[in-house]
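One structure below.
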Protein chains: 2
Amino acid sequence: MAARGRPREFDVDEALERAVDVFWRQGYEGTTLEDLTNAMSISRPSLYAAFGNKEGTFRQAIGRYARVEMSYIDAALAMPTARAVAEHYLRSNVVSITLPDRPRGCLSIQGGLSGHPTDQRIVDFLNESRGAGEARFVRRFQQAIDEGDLSASEDPAELARYLATVTAGLAVQASAGASRPDLARVAERALAAFPR
Amino acid sequence: MAARGRPREFDVDEALERAVDVFWRQGYEGTTLEDLTNAMSISRPSLYAAFGNKEGTFRQAIGRYARVEMSYIDAALAMPTARAVAEHYLRSNVVSITLPDRPRGCLSIQGGLSGHPTDQRIVDFLNESRGAGEARFVRRFQQAIDEGDLSASEDPAELARYLATVTAGLAVQASAGASRPDLARVAERALAAFPR
DNA sequence: ACCATTCTTGAACGTATGGTAAATAACGAC
DNA sequence: GTCGTTATTTACCATACGTTCAAGAATGGT
C-alpha cells in the first residue's frame, strides 16, 4: 500500500462527484472533456490517468451515483413487505429527483437514452444498469411471495417493471421542471395500483 | 403559387420522415449532419435551404412526428369519457412505442432529455412540447368534470400529469427493449389507478 | 433569347472535439 | 544524493463538427 511516485493533488472521489454533476445535467454526449476538466478542476492528462477516458469517467460516475444518490433503493428493498418496499421506493425516488441545488431527474436516465452509434455502448450500459436495478425488485417481490406477504397470483417481474416505469416517468417529469408536490401526488396515485 | 427557379429534386416531407427516423434513434446531439444527409439522401446545402439548419430540421422533425406518429392522441382526446380517453391513450401509446421496424420509444423523449448548454434550447423545446401535450389532457379532463362524467373531486392537472408520467416511463422502457406485451401489462396496471 | 430565381454539387472554413507526447516536479527507496 | 515512479503542465495532434461559399444547372417570366 506504499504510495510511490508523486502523490495525486486532487481527491479522486471528490472529482468524480463533480463529474456526476456535469453528466447528470448534460448527459454523456452533451458533456465535453472541457466541461469535465473545468468542473473537476483537473487537467486532461490527470483525468485520463485517473479514469481512463471519457467513457471510463462516465462509467465510474454512474457507479458513484448508484452508490451515493440511489442508496435509498437499498433501504427500500429492506422494508418488511412488498407494499412497504414500493411505497418507500417511489416516495424516496420523488425526493431524490427533486433535491434543491442538485440537477433534476435521474442520471441513469438523463445520461443517455439514445445516442450516436459510436456511443451505443454507453446507451447499452445505462439500459443494463437500470435493468439490474429492476432485477433486484423482481427478486424482492418473489421473496415477498415466498414469505406469503404478497399474493402468489402477482407477477414479481410485472410489479418490478411497473415501478421502474413509474420512476422513469417521474425522472422525465422532474427533468422538465415538475415540482416535488406534484410528483408526490403522481407517486401516490401510482401506488394505488400496487397490491396491498 | 408559381414555382420559380429550379425545382427541388427531393420531396421535403419524405426527407423529413428520414430525419425523424434518425433523430428518433440517435437523439439530437447524437445525430450529425452527415447522419442526416445520408439518411435523407440530400446534400448539406439542400438541407440548409429546405430546413434552415440542424436545429430547424429537428424542430420540423418534431412537428412531423407529432402530426404523424402521435395522431392517436387526437383520437384519444375524442373519446366520450375521461376513462376512455385514458385507456385509449395508454394503450395506443404502448403500440406506438413498440412498432416493429421503427425506432423504439418516443422521439419527444429520446430526442434530448438533457444536453450541452449550447443545446439547451432544444431541451427546452422538447419539454415545452410535452407540456403542451399534457395541457390538452388537462383541458379534456376539466371538460369531463364539467360534463359530469368525471368526479369534481379529481384534479384534471394531476390526472394529466399522471398519464404523462406513465407514458414517459413506458417510452424509456421501450427504448431499453421492453416487449409490447410487458408494457401493455404495465399500462393496464397504471389504468387501475385512474378513476372509473 | 435572355434574365432572374432557385436548386444542386463539390469544396472549403473555422472551430471544437477526444485524446496524447514531452518535459518537469514531487514523492519513496536505498 | 541518486534513481525509479507517478503527477502535473503545456502544448499539440488528427479528426469531426456545423455551416457556408462559389460555380453550375434547371426552371418560369418576358
Side-chain angles (χ1 to χ4, degrees), chain A residues 1-16 18-19 22-23 25-61 111-112 114-123 125, chain B residues 1-16 18-19 22-23 25-61 111-112 114-123 125:
Chain A
M1 213 22 105
R4 257 164 28 211
R6 177 173 176 170
R8 206 167 251 137
E9 293 184 1
F10 63 95
D11 182 83
V12 171
D13 191 62
E14 194 172 317
L16 206 50
R18 312 289 187 86
V22 182
F23 282 129
R25 278 182 223 280
Q26 305 182 191
Y28 180 77
E29 288 183 330
T31 299
T32 71
L33 261 309
E34 200 186 349
D35 294 332
L36 283 174
T37 53
N38 284 346
M40 301 163 92
S41 303
I42 62 178
S43 72
R44 234 172 262 233
S46 293
L47 184 146
Y48 275 76
F51 304 107
N53 56 11
K54 185 186 173 184
E55 178 174 348
T57 310
F58 184 75
R59 295 183 114 101
Q60 293 176 62
S114 62
H116 196 266
T118 57
D119 295 325
Q120 190 56 43
R121 311 173 58 223
I122 296 290
V123 177
F125 171 65
Chain B
M1 211 28 103
R4 255 160 33 207
R6 176 172 178 171
R8 203 168 256 137
E9 295 184 0
F10 63 95
D11 183 81
V12 172
D13 192 62
E14 194 172 317
L16 205 50
R18 312 288 187 85
V22 181
F23 282 129
R25 278 181 224 282
Q26 304 180 192
Y28 180 77
E29 289 183 330
T31 299
T32 71
L33 260 304
E34 199 186 351
D35 295 332
L36 283 174
T37 53
N38 283 347
M40 301 163 92
S41 302
I42 62 177
S43 73
R44 249 171 251 235
S46 293
L47 183 146
Y48 275 76
F51 305 106
N53 56 11
K54 185 185 175 185
E55 178 174 348
T57 310
F58 183 75
R59 295 182 113 102
Q60 293 176 62
S114 62
H116 195 266
T118 56
D119 295 324
Q120 190 56 43
R121 311 173 57 222
I122 297 290
V123 177
F125 171 64

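Reminder, nothing fancy here: chain letters follow the sequence lines and each chain counts from 1.
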Nucleotides 19-21 of chain D: which of its N/O atoms have a protein N/O under 3.5 Å away?
unit_1 : atom_1 : unit_2 : atom_2 : d
D:dT19 : OP2    : B:Y48  : OH     : 2.5
D:dT19 : OP2    : B:K54  : N      : 3.1
D:dT19 : O5'    : B:Y48  : OH     : 2.9
D:dT19 : O4     : B:R44  : NH1    : 3.4

Whole angstroms only, please: what is the [atom1]-[atom2] distance between [X] and [N]?
{"X": "A:F51", "N": "D:dT8", "atom1": "CZ", "atom2": "P", "result": "11 Å"}
{"X": "A:Q26", "N": "C:dG18", "atom1": "CD", "atom2": "C1'", "result": "16 Å"}
{"X": "B:F23", "N": "D:dG18", "atom1": "CZ", "atom2": "C1'", "result": "12 Å"}
{"X": "A:R6", "N": "C:dA29", "atom1": "CZ", "atom2": "P", "result": "18 Å"}
{"X": "B:D119", "N": "D:dC17", "atom1": "CG", "atom2": "P", "result": "14 Å"}
{"X": "B:L47", "N": "C:dG10", "atom1": "CG", "atom2": "P", "result": "17 Å"}
{"X": "B:N38", "N": "D:dA16", "atom1": "CG", "atom2": "C1'", "result": "14 Å"}
{"X": "A:F10", "N": "C:dA26", "atom1": "CZ", "atom2": "P", "result": "17 Å"}

What heavy-atom pair brings [X] and [Y] nearest, and what distance separates the two atoms?
{"X": "B:V123", "Y": "B:S114", "answer": "CG2-C, 3.7 Å"}
{"X": "B:A15", "Y": "B:F51", "answer": "CB-CZ, 4.4 Å"}
{"X": "A:H116", "Y": "A:E29", "answer": "N-OE2, 2.7 Å"}

From D:dT27, D:dT8, C:dT17, nucleotide with atom closest to A:E9 side chain: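 Output: D:dT8.
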- request: Have a look at B:T57 and say if it touches a base, only the backbone sugar-phosphate, or nothing, with a 4.0 Å heavy-atom cut-off.
  value: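 The answer is nothing, as B:T57 stays clear of every strand by at least 4.0 Å.
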task: Using a heavy-atom cut-off of under 4.0 Å over every strand shown, decide if A:S43 touches base, sugar-phosphate, or nothing.
output: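 Contact class for A:S43: base.
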message: Strictly below 4.0 Å: does A:S46 bring a side-chain N or O up to OP1 or OP2 of D:dT8?
response: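 So the side chain of A:S46 is within the cut-off, an N or O lying under 4.0 Å from OP1 or OP2 of D:dT8.
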query: If only side-chain N and O atoms of A:R4 are considered, is one of them under 4.0 Å from the OP1 or OP2 phosphate oxygen of C:dC27?
result: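 Checking C:dC27 against A:R4, no side-chain N or O comes under 4.0 Å of OP1 or OP2.
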query: Is it the case that B:K54 places NZ or CZ above or below the six-membered ring of B:F23, under 6.0 angstrom from the centre and within 45 degrees of the axis?
result: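 No - B:K54 does not lie over the ring of B:F23 by the 6.0 Å and 45° rule.
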field: Check: B:V12 and B:Q60 side chains under 4.5 Å, non-hydrogen atoms
entry: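 Not in contact.
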query: In Å and rounded to the nearest 0.5 Å, what is the CZ to CZ distance from A:F58 to A:R121?
result: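 If I round to the nearest 0.5 Å, the distance is 12.5 Å.
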- prompt: Picking from A:T32, A:T31, A:T37, what satisfies side-chain hydrogen bond (donor to acceptor under 3.5 Å, both in side chains) with A:D35?
  reply: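 The passing option is A:T32.
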